[in-house]
Amino acid sequence: MKTSETIHPDKVELKSIASVVSDAGSMFLGSISSYREVQGAYLFQGENASIMIQPVNEQIIRIKLLLDHQMDLRSTIAIQQEAYRSVNVSLEETLEAYRLVLPELTAVVHKNDGRLDFFNAAGELISSEIETFRAARGEFGSRRRMEPGTHIYGLGENTGFLDKNGESYELWNSDVYDPHVPDIGSLYVSIPLLIHFRYDRPVYGIFLDNPGCTSFDMRSDHEAYTFKVNTGTLDYYFIHGPELKDVVSRYSELTGRIELPPAWAIGYHQSRYSYMSQEEVMELARTFRDKRIPCDVIYLDIHYMDEYRVFTFDPTRFPNPRKMIQELREMGIRIVPIVDPGVKRDPNYLPYREGVQRGYFCRKLEGELFIGDVWPGASAFPDFTEEEVRSWWGDQHSYYTELGIAGIWNDMNEPSVFNSPSKTMDLDVVHGNDGDAKTHRELHNLYGMLMSMATQQGLKRNLQGERPFVVTRAGYAGVQKYAATWTGDNRSYWEHLAMSIPMVLNLGLSGQPFAGPDIGGFSHDATPELLARWMQAGAFFPFCRNHSVLESVYQEPWAFGPEIEEICRKYIRLRYRFLPYLYTLFYEAYKTGLPVMRPLILEYPHDRNVYNLCDQFMVGSSLLVAPILRPGTESRAVYLPEGEWINYWSGERLTGGRHILALAPLEVMPIYVKAGAIIPELAEAEQHWKPTLDEQAEIALSVYAPAHRSESSGQWYADDARTYAYESGSYNLLTVKVKSGEDMLSLQLKYEVKELPIAKRGAASGVAEQSQSAARETLALNVKLMKFVPRDIFVNNSSDQVKLTEVGGEWKYDSETQELRLQVPHTFIDKEIIVKG
């Protein structure tokens with residue numbers, strides 16, 4: 001525990017703005033005397049160092065500081081080479097500068113000092129550098145101008161509010177069990193992406209690709225921000241927008257996009273440190289089913305293992321894991337066990353013996369094996385920077401897949417080491433890095449991501465086409481390609497519930513769309529009210545898991561009595577009703593990199609009221625969620641952006657562009673639907689994801705009718721939800737366009753039909769089942785809150801209009817609920833349905 005000794009004046013390193021900048025002034029690089037082109041990159045020769053500028057594509061430029069003046073095109077494993085495309089480039093020289101001109105972006109290198117500015121195609125200044133500098137301790141960095149009205153987003157997983165202007169962070173993956181408070185500058189996931197936003201300027205991003213310790217300082221100088229590296233060199237990518245969505249999408253293209261998870265992975269997950277026995281796990285699963293609370297996943301924390309050896313089950317606590325896993329699968333529940341990187345030092349333990357004999361564990365330069373204490377005691381750590389080691393580690397997971405397990409939980413992979421002064425691997429450990437050896441100090445932030453990469457790829461090899469699921473605590477840029485992330489050891493504090501929103505929002509802006517906190521809080525003791533409110537919010541996070549620490553009170557949905565149980569049941573069931581919508585958003589993330597859970601600024605970038613709004617959020621572009629974040633609170637202010645909004649619970653229509661007071665008794669969390677939204681929903685909540693057509697509930701497209709003349713659109717994506725067949729075109733994508741008039745509503749349906757008929761009952765089912773007799777040949781469309789009573793419904797059929805009922809369709813209108821229910825033949829491809837009043 002820290003005491004006041006921490007701030008003893010003899011221990012405090014005094015800082016000033018001057019200490020942040022160069023020890024050699026703005027002339028560190030010296031004048032730029034010449035340039036040369038090598039393999040599509042440009043090397044600008046300075047007196048003391050050179051700058052490499054490499055066009056990646058029309059919107060992204062790479063900048064690398066080279067002290068030895070030698071061209072170096074190497075990059076980290078985070079970069080997707082597919083992002084590189086041929087670009088038309090010209091180089092212009094003036095007396096003052098070199099201008100590297102791309103179709104959409106121009107980089108200007110000032111000859112007198114090497115400063116680097118960026119302009120768009122219209123000649124507008126996007127970003128101006130003050131200097132590239134070398135700090136007193138051999139660190140390298142860049143200071144760039146930051147004008148009044150600037151907002152900073154991204155930077156991965158950090159505490160604090162959405163807007164990071166005025167903050168300072170050191171990105172170094174750390175096992176932080178201390179309470180997560182704004183003072184903490186480092187957590188488990190380091191994503192060095194800074195997004196610079198001003199309402200009157202093009203948006204841009206800076207991705208600093210250095211997996212050692214990096215820092216971003218938006219605090220020391222109100223007119224500039226600084227980013228720097230503790231080791232290695234500056235290697236960063238300038239990402240042009242001009243919009244915020246463009247930067248997020250282009251960054252995710254550069255570092256890779258999420259694979260579609262199996263549908264069961266976006267259901268509800270239940271965990272505890274630990275469920276101590278096979279019988280306790282089975283009783284937990286039976287309770288979920290008896291109480292009709294949906295659940296897809298139960299986690300096994302470290303006590304399932306034999307003396308904490310990975311790839312083992314404790315023979316006393318879990319005497320028959322195969323039987324347990326099979327029984328759970330029959331109940332629709334998956335097991336996800338924890339796997340840490342520390343391998344117990346035990347010559348009789350095969351993974352340890354193999355790892356030593358094959359040289360797969362991390363070592364010092366002199367050959368000494370690095371041994372650190374974690375849960376099993378003295379342990380060795382695989383060198384995941386080597387492809388051969390990753391392959392070996394991935395193959396170890398056949399132990400789990402042969403038992404029927406398809407998901408793994410990677411923890412402690414910063415890596416956390418108990419007996420090290422740094423609480424991580426010794427910094428002088430040398431990683432092989434596939435022939436480009438580097439110290440742990442240089443590669444630390446990559447360790448957790450590479451472990452998840454090894455895990456995911458090993459599972460893929462062993463699951464015979466089934467999609468795996470991996471969730472990791474530690475990560476780096478690009479981690480989204482391999483794993484979901486959760487926000488680590490939070491606490492059962494109301495402040496942590498509130499803080500989880502901007503944390504996950506910024507992770508989404510940093511390319512990781514599959515993230516969430518431990519619902520209810522991990523450490524400390526949840527209260528009934530806190531669990532209820534956290535479950536309401538958590539039901540709309542991309543990753544939805546309840547998890548608690550060993551000594552805390554239990555916080556399963558029923559732990560606090562029938563009232564809280566009913567609230568938890570209600571919101572978990574609501575999540576399951578929205579699973580088709582959530583799954584469609586994961587498809588959007590797979591295609592575009594845009595997050596599932598979004599800050600309002602992503603959808604409304606010109607609304608100054610939302611620039612630091614982070615106590616409410618969007619799910620996709622259609623749902624607005626406003627959780628209650630304080631105890632004893634039964635109302636709250638909610639900001640509705642421009643447009644028309646519909647109270648999900650009451651159907652009340654509300655005009656946006658203003659704050660409203662929302663009533664929220666304990667059982668209610670305010671939710672609003674954007675008028676005109678098209679949301680695929682289950683007719684009733686499932687108890688888990690159902691893999692076959694016969695079992696699945698009806699899926700309907702809910703259209704929330706606008707009150708005024710307007711146009712909107714939405715999509716519904718479906719595939720088999722379990723294999724990689726979607727990559728070869730086995731999926732369906734239905735786009736619906738809605739036009740609303742005075743006494744008319746038009747619904748235009750356009751299918752992108754591949755091999756899976758979307759209108760069949762349970763469209764998220766497997767391709768193999770599409771011919772089952774239970775399949776239905778109609779699409780359900782529910783138009784909610786119709787503003788007029790429909791008189792008849794027609795179909796535009798090429799050259800004429802015919803009544804829907806004459807071509808196999810059906811419709812029914814409920815005047816009490818103002819809901820129109822349609823059954824439309826799935827053959828209505830590229831057809832328009834006209835509802836007339």
Side-chain angles (χ1 to χ4, degrees), residues 37-42 51-64 71-89 100-107 116 118 120-121 126-127 154-156 190-196 202-211 214 227 233-260 434 436 445-446 449-450 452-453 456-457 475-483 507-514 587-595 727:
E37 180 186 353
V38 179
Q39 298 178 349
Y42 295 80
I51 306 170
M52 183 189 83
I53 301 182
Q54 181 184 22
V56 176
N57 52 51
E58 290 191 354
Q59 307 289 356
I60 302 177
I61 293 178
R62 180 188 184 190
I63 300 94
K64 192 171 186 178
M71 188 74 83
D72 183 2
L73 297 176
R74 292 174 297 175
S75 60
T76 73
I77 200 169
I79 301 300
Q80 300 293 289
Q81 294 305 310
E82 296 82 0
Y84 281 83
R85 294 187 291 273
S86 177
V87 184
N88 290 325
V89 182
L100 194 66
V101 182
L102 283 64
E104 301 294 331
L105 192 60
T106 295
L116 188 58
F118 294 94
N120 63 14
I126 304 173
S127 176
L155 294 173
S190 297
I191 303 179
L193 170 71
L194 178 148
I195 301 176
H196 180 282
V203 185
Y204 71 84
I206 297 282
F207 170 49
L208 178 58
D209 189 18
N210 185 308
T214 60
F227 57 90
T233 190
L234 282 179
D235 187 359
Y236 66 95
Y237 296 77
F238 185 89
I239 305 169
H240 177 230
E243 300 296 334
L244 181 56
K245 281 186 176 180
D246 297 326
V247 172
V248 175
S249 185
R250 288 174 180 137
Y251 164 77
S252 68
E253 180 188 19
L254 181 66
T255 60
R257 290 177 180 153
I258 186 176
E259 292 186 352
L260 276 174
D434 287 330
D436 183 21
N445 288 339
L446 270 179
M449 186 188 84
L450 293 178
S452 294
M453 178 184 181
Q456 187 238 34
Q457 293 180 347
Y476 182 67
V479 67
Q480 65 273 3
K481 300 190 293 287
Y482 312 114
L507 277 166
L509 294 178
S510 303
Q512 173 53 297
F514 201 178
Y587 168 76
E588 186 177 353
Y590 157 70
K591 294 295 288 186
T592 69
L594 296 179
E727 293 182 339

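Everything numeric in this text was worked out from a predicted model, so none of it was measured. Hydrogens, waters and symmetry mates are skipped; everything else that's a heavy atom, side chains included, is used.
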A.B. asks: Which atoms form the tightest heavy-atom contact between Y251 and S510, and what is the distance?
C.D. replies: CE2-O, 3.1 Å
A.B. asks: For residues 233-248, please give each side-chain donor-acceptor pair under 3.5 Å, one per line with the distance, not counting sequence neighbours.
C.D. replies:
from	atom 1	to	atom 2	distance (Å)
T233	OG1	L65	O	2.6
D235	OD1	R62	NE	2.9
D235	OD2	R62	NH2	2.8
Y237	OH	R62	NE	3.3
H240	ND1	Q59	OE1	2.7
K245	NZ	E603	OE1	3.3
K245	NZ	E603	OE2	3.1
D246	OD2	E243	N	3.0

A.B. asks: Testing the basics here: between Q54 and M52, what is the closest heavy-atom pair and its distance to 0.1 Å?
C.D. replies: OE1-CE, 3.9 Å
A.B. asks: Test your reading of the model: is there a side-chain donor-acceptor pair from N57 to the backbone of A83, 3.5 Å cut-off?
C.D. replies: yes
A.B. asks: Mind checking the CD1-CD1 spacing from I206 to I195? Nearest 0.5 Å is all I need.
C.D. replies: 11.0 Å
A.B. asks: Would you compute the distance between atom CG of L507 and atom CG of L155 and round it to the nearest 0.5 angstrom?
C.D. replies: 10.5 Å
A.B. asks: Using the rule given for side chain to side chain contact (heavy atoms under 4.5 Å, CB included), can you reason through V89 versus E37, listing the C-alpha separation, both sets of side-chain angles and the distance that settles it, and then say yes or no?
C.D. replies: CA-CA 11 Å; V89 182; E37 180 186 353; over 6 Å; no
A.B. asks: State, yes or no, whether a side-chain contact exists between Y587 and L260 at a heavy-atom distance under 4.5 Å.
C.D. replies: yes
A.B. asks: Taking all heavy atoms of V203 and all of H196, pick out the closest pair and write down the distance.
C.D. replies: CG1-O, 3.2 Å
A.B. asks: Taking side chain to side chain donor-acceptor pair (under 3.5 Å) as the test, write out the residues that go with D436, two or more places apart.
C.D. replies: R74
A.B. asks: Please confirm whether the backbone N or O of T592 pairs with a side-chain atom of S249, one donor and one acceptor, at under 3.5 Å?
C.D. replies: yes
A.B. asks: Let me know which of Q480, K481, Q456 forms a side-chain hydrogen bond (donor to acceptor under 3.5 Å, both in side chains) with E259.
C.D. replies: Q456
A.B. asks: Check step by step if side chain to side chain contact (heavy atoms under 4.5 Å, CB included) holds for L208 and L194.
C.D. replies: CA-CA 8 Å; L208 178 58; L194 178 148; over 6 Å; no
A.B. asks: Sequence neighbours excluded, which residues qualify as side chain to side chain donor-acceptor pair (under 3.5 Å) partners of S452?
C.D. replies: N410, T472
A.B. asks: Using side-chain contact (heavy atoms from CB on, under 4.5 Å) as the criterion, list what pairs up with I51, not counting sequence neighbours.
C.D. replies: L29, I53, I63
A.B. asks: Give me the atom names and distance for the closest heavy-atom approach of A78 to A477.
C.D. replies: CB-O, 3.4 Å
A.B. asks: Got S75 and K64 here, is their nearest side-chain heavy-atom distance under 4.5 Å?
C.D. replies: no
A.B. asks: Taking salt bridge (Lys or Arg N to Asp or Glu O under 4.0 Å) as the definition, give me every residue that meets it alongside E588, ordered by chain and number, with sequence neighbours left out.
C.D. replies: R598
A.B. asks: With Y476, which residues qualify under side chain to side chain donor-acceptor pair (under 3.5 Å), at least two apart?
C.D. replies: D209
A.B. asks: Are Y204 and F118 close enough that their ring centers fall under 6.0 Å?
C.D. replies: no
A.B. asks: Rounded to the nearest 0.5 Å, what separates atom CD1 in I77 from atom CE in M449?
C.D. replies: 6.0 Å
A.B. asks: So how far is it from Y84 OH to E253 CD, rounded to the nearest 0.5 Å?
C.D. replies: 12.0 Å
A.B. asks: Hey, is the main chain of A483 close enough, under 3.5 Å, to the side chain of Q512 for a donor-acceptor pair?
C.D. replies: yes
A.B. asks: Once you round to the nearest 0.5 Å, how far does CG of L100 lie from CD1 of I61?
C.D. replies: 6.0 Å
